[in-house]
Every structure is written in structure tokens, then in C-alpha cells.
Number of protein chains: 2
Amino acid sequence: MRDAELTRQKILEISADEIHKKGFVATSLSCILVRCEVSKGALYHHFKNKMELGYAVFEEIYTPMFLELWQPAVEVNDPIEGLCDFFTAMYTNSSCDEIVCGCPLNNLCQEMSGVDEGFRLRILNMQQQLNQLIAINLQRVANQLRDDIDFSQVAYFIVSTFHGSSSLSKSSKNKDLFEKVIKELCNYIRNLKSH
Amino acid sequence: MRDAELTRQKILEISADEIHKKGFVATSLSCILVRCEVSKGALYHHFKNKMELGYAVFEEIYTPMFLELWQPAVEVNDPIEGLCDFFTAMYTNSSCDEIVCGCPLNNLCQEMSGVDEGFRLRILNMQQQLNQLIAINLQRVANQLRDDIDFSQVAYFIVSTFHGSSSLSKSSKNKDLFEKVIKELCNYIRNLKSH
DNA sequence: TTACATACCGACCACGCGGTATGTAAATAC
DNA sequence: GTATTTACATACCGCGTGGTCGGTATGTAA
């Protein structure tokens with residue numbers, strides 16, 4: 001056949017890119033169709049409507065992407081240094097555009113949580129997964145850390161700051177502020193160690 | 001006359017509320033007109049277009065509101081405790097809806113920075129003002145603080161975390177996560193003191 | 001009273017959007 | 001070889017939006 005799965009995948013990936021760059025609402029189907037070089041009929045053959053396309057992007061693109069990104073950072077021997085390396089690599093390796101574009105999870109959280117319940121629950125689930133991932137791996141090395149630490153609280157704190165910093169760099173359109181905040185975040189994280 | 005200034009002010013305030021709750025793009029003029037009980041002609045008499053209305057809301061409502069909110073928190077004798085009290089008061093006094101709704105500055109930053117240059121520059125300016133406000137007041141009590149502190153970096157860090165936490169609470173639709181992050185933020189802030 | 005500017009009204013418009021209905025060619029089943 | 005289903009393509013529709021424009025009521029100054 002004309003490889004339906006490939007068509008579907010192409011639509012998903014380009015949609016993911018568009019949604020990441022423009023947000024969900026501002027992303028127009030016609031724009032996706034042009035980039036994919038498929039017709040509206042093709043899109044509506046694979047997805048019930050725009051919302052379902054959005055959900056599919058979240059589940060099939062963003063979610064695995066996210067876990068693949070964070071897991072190695074935190075499942076390393078020393079998660080403290082793992083996280084610091086991860087964040088540091090982010091502003092040294094990522095282009096300015098990528099950083100200014102922001103994290104898809106945070107972007108969608110800001111845009112869609114209050115508008116659509118389906119998105120909200122998916123986002124919430126992802127955030128909880130991410131939080132557990134970090135909290136568990138910090139607990140794993142609890143003996144090296146200060147003894148007054150609430151692991152879940154610290155995990156949420158780290159993610160909050162990270163998301164806040166990418167939000168901050170949107171208005172300055174460069175990664176200087178992102179770098180500043182991330183550096184301070186590394187200070188904070190390293191300070192979790194007992195000394 | 002029919003008090004043009006009052007009409008203008010009413011449009012500004014209701015627009016500010018709508019933009020805060022729905023975002024700028026999702027805010028429809030017709031909705032504003034209904035709530036204001038004025039005609040489209042009245043609105044376009046006072047504002048050139050939707051964008052200019054948005055700018056006016058930012059400059060005449062959000063900016064002063066923001067400064068009045070943060071200044072007392074940080075211009076107090078002990079800005080460390082001032083900030084902690086400020087944040088703590090935020091999750092004890094604010095309703096769940098208010099917190100979930102998020103900070104107008106952060107919301108607009110996320111939504112409009114990448115789309116419209118006029119918004120971006122106004123937001124950037126506000127962020128820099130806020131950063132200076134915090135940094136200067138921390139420097140004011142530098143003798144009580146650790147001596148390895150980059151004041152600007154710390155100020156950006158604090159605001160980032162604050163904004164990140166309000167973003168976080170959008171998906172959970174309650175203020176528990178907000179509270180968690182803010183508590184950890186207070187731990188961090190108090191830890192700036194030398195001991 | 002005249003002349004004019006300000007403040008406001010409401011009908012109308014073009015546009016782009018998400019979504020649908022109908023048609024058709026390719027692949028599969030029988 | 002034929003029937004049926006799958007995988008698209010295309011033309012079309014209704015709706016809500018920001019924005020315009022001719023007209024009108026209200027105030028002010030000559």
C-alpha cells in the first residue's frame with residue numbers, strides 16, 4: 001500500500017515540530033498539510049480531529065522523547081553530577097533558537113492545561129513521572145545527601161526552576177539568562193550533598 | 001461628556017482580567033465588549049487595534065500592579081524574610097483559581113514573546129526591572145549574606161523558580177505543588193544568609 | 001444659533017480556521 | 001476476476017474572528 005504508517009508518522013513528527021514552535025492552538029492544520037505534502041483527507045483519515053492529533057503527538061512523540069532525555073541524566077551513578085552535566089550540556093550544546101523555543105511539556109502545560117482536560121491529564125501524568133524519576137534517583141543516593149531533604153519537593157523544585165528559566169529566555173531571545181539560572185540551579189543541586 | 005476616561009479604564013481593566021485568564025490571543029474583543037457593555041466603535045475609538053489594547057493593558061495595568069506587588073516584599077529591612085513572607089502569603093492568601101491562573105507576566109512571556117516584538121520588549125523590560133529590584137535589595141544586605149553570591153544570578157533564579165512553580169500548578173489544578181516548590185524556594189533563599 | 005470635535009453605535013466585511021461529504025485509486029480478500 | 005476495504009484527494013461549508021465604515025448623539029467654543 002502507500003505505507004499508511006509512514007504517512008501517519010510524518011504527520012505526527014511535523015505536527016510535533018509545529019506545536020513545539022507555535023503552540024497547539026496557533027498551529028494550523030493547513031500549515032501541517034503543506035509541510036507534509038499530504039491532503040486534508042489523509043490527515044482526517046488517520047486522526048479524528050485536531051485535538052486527537054495533539055494527544056497523539058504528546059503520547060507518541062513528546063512522552064518518549066522526554067523520558068529518553070531525562071532518564072540517562074538521573075540514572076547515572078551520581079545523579080547530582082548527572083543532573084548538573086545534563087543542564088550544562090543543554091546550554092552549551094543547544095542552539096539559541098532551541099532554548100528560546102522552550103520545553104514542549106512546559107509550553108503545553110502553560111497553554112493547554114486550563115483549556116482542555118485531555119491535555120491537562122496527560123501533562124500532569126508526565127510531570128508526575130518525571131518527578132518520580134528524579135525523586136527516586138535522589139533517594140537512591142540519600143546517604144550522600146543532607147538528611148533534611150524532601151525528595152519529591154526537591155524534584156519539583158528542580159523541574160520548576162528549569163521550566164522557569166526556559167520561559168525567561170523567551171523574552172531575551174538568547175541563552176544568557178538561561179545559562180545564569182542553570183548555573184545557580186547547579187549550585188543548588190550540588191549543595192544537596194552533605195558536607 | 002460621557003466620561004471617556006472612565007470608559008477607557010473599564011475596557012482596560014476588563015481586558016486585563018480576560019487576558020490574564022484566557023491569554024492574549026484567545027481573548028476575543030466581542031467578549032470584552034459584552035462584559036464592558038460598550039460597542040465595538042467605542043473600543044476602536046480608544047484603541048487602534050487589539051495589539052495596542054494589549055500593550056496598554058500591559059503598561060497601564062500589569063506593570064504598576066507588578067511593581068506594587070514586589071516592591072514592598074523586597075524593600076523591607078530584611079529582604080530575605082521579606083521574600084519568604086511574600087511567597088508564603090501567596091499560597092496561604094490566594095485562592096486556588098488565582099494561583100492556577102498564573103502570573104500575567106509569565107503567561108504573556110510564554111505566549112507572546114515569540115510572536116510579537118512589541119510584547120517581547122515590554123516583557124523583557126519588566127523582567128529586567130524586577131530583577132534589578134531584587135538584586136539591588138539583596139546587595140543592600142550583602143554583609144549578612146554568603147560572600148559567593150552573584151546577586152543578579154540569584155534574582156533571576158528566584159523569579160524563574162517562582163514562575164516555574166505557577167506553571168506547574170496549572171496542570172495539577174491545585175496549589176499543593178505550588179506550595180511545595182515555594183517552601184523549597186524559601187529554604188534556598190534563607191540559605192543565602194551566612195552562617 | 002452655528003460649527004466643529006469628541007465619543008460612541010452597529011451593521012457589515014474578508015479571512016482563516018476546523019471540519020465534512022463525496023469521489024477515486026490502490027491494495028487485499030474471496 | 002471481481003468485490004470490498006483501505007488510503008487517500010478535493011471541493012466545500014459554517015463559524016468566529018479582528019477590523020472598517022457610515023452614521024449619530026453629545027459636548028464645547030465662536
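Just so we're clear, the structure is a prediction, and the values are computed from it rather than from any experiment. The analysis underlying the following values was restricted to heavy atoms, covering all of them including side chains, and did not include hydrogens, waters or symmetry mates.
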- line: Atom CZ of B:Arg8 and atom P of C:dA7 are separated, to the nearest Å, by 11 Å

task: May I have the distance from A:Asn49 (atom CG) to D:dC15 (atom C1'), rounded to whole angstrom?
output: 17 Å

Nearest-nucleotide pick for B:Ser39, side chain only, options being C:dC8, D:dC8, D:dT20: C:dC8

- prompt: How long is the line joining CD of B:Gln9 and P of C:dA7, in whole Å?
  reply: 15 Å

field: Nucleotide nearest B:Ser28 (side chain, heavy atoms from C-beta), chosen from C:dT6, C:dG19, D:dG18
entry: D:dG18

query: CD of A:Glu52 versus P of C:dG18: gap in Å, rounded?
result: 15 Å

- line: A:Lys40 atom NZ is separated from C:dA21 atom P, nearest whole Å, by 14 Å

- prompt: Is it true that B:Asp150 and A:Lys183 make a salt bridge, defined as a side-chain N closer than 4.0 Å to a carboxylate O?
  reply: no

field: Between D:dG16 (P) and B:Lys22 (NZ): distance, integer Å
entry: 14 Å

statement: Considering only heavy side-chain atoms of B:Val38, the closest of C:dC9, D:dC8, D:dG19 is C:dC9

field: N/O (side chain, B:His45) to phosphate O (OP1/OP2, C:dA7) under 4.0 Å
entry: yes

Test ring pair (Phe, Tyr, Trp, His ring centres under 6.0 Å) applied to B:Tyr188 and B:Phe87, B:Phe157, B:Phe162, the passing residue: B:Phe157

Presence of A:Ser30 side-chain N/O under 4.0 Å of C:dC17 phosphate oxygens OP1/OP2: yes

- prompt: Considering every strand shown, what is the Watson-Crick or G-U wobble mate of D:dC12 when both distances are under 3.5 Å?
  reply: C:dG19

query: Just by distance, do the side chain of A:His20 and the backbone of A:Gly102 share a donor-acceptor pair under 3.5 Å?
result: yes

- prompt: Under 3.5 Å, is there a donor-acceptor pair linking the side chains of B:Asn125 and B:Arg122?
  reply: no

query: Which base sits across from D:dG18 as a Watson-Crick or G-U pair, both distances under 3.5 Å?
result: C:dC13

query: Are more than 12 heavy atoms from other residues, nucleotides or ligands located less than 6.0 Å from atom CG of B:Asn77?
result: no

- request: Mind calculating the distance between NZ (B:Lys48) and C1' (D:dC21) to the nearest angstrom?
  value: 18 Å

- line: Any strand, both distances under 3.5 Å, Watson-Crick or G-U wobble: D:dA29 pairs with C:dT2

task: Output the single nucleotide from C:dC8, C:dG18, D:dC8 whose closest atom is nearest the side chain of B:Thr7.
output: C:dC8

query: Roughly how many Å is it from OH in B:Tyr44 to C1' in D:dT20, rounded to a whole number?
result: 9 Å

query: Using a cut-off of less than 4.0 Å, is there contact between a side-chain N or O of A:His46 and OP1 or OP2 of D:dC8?
result: yes

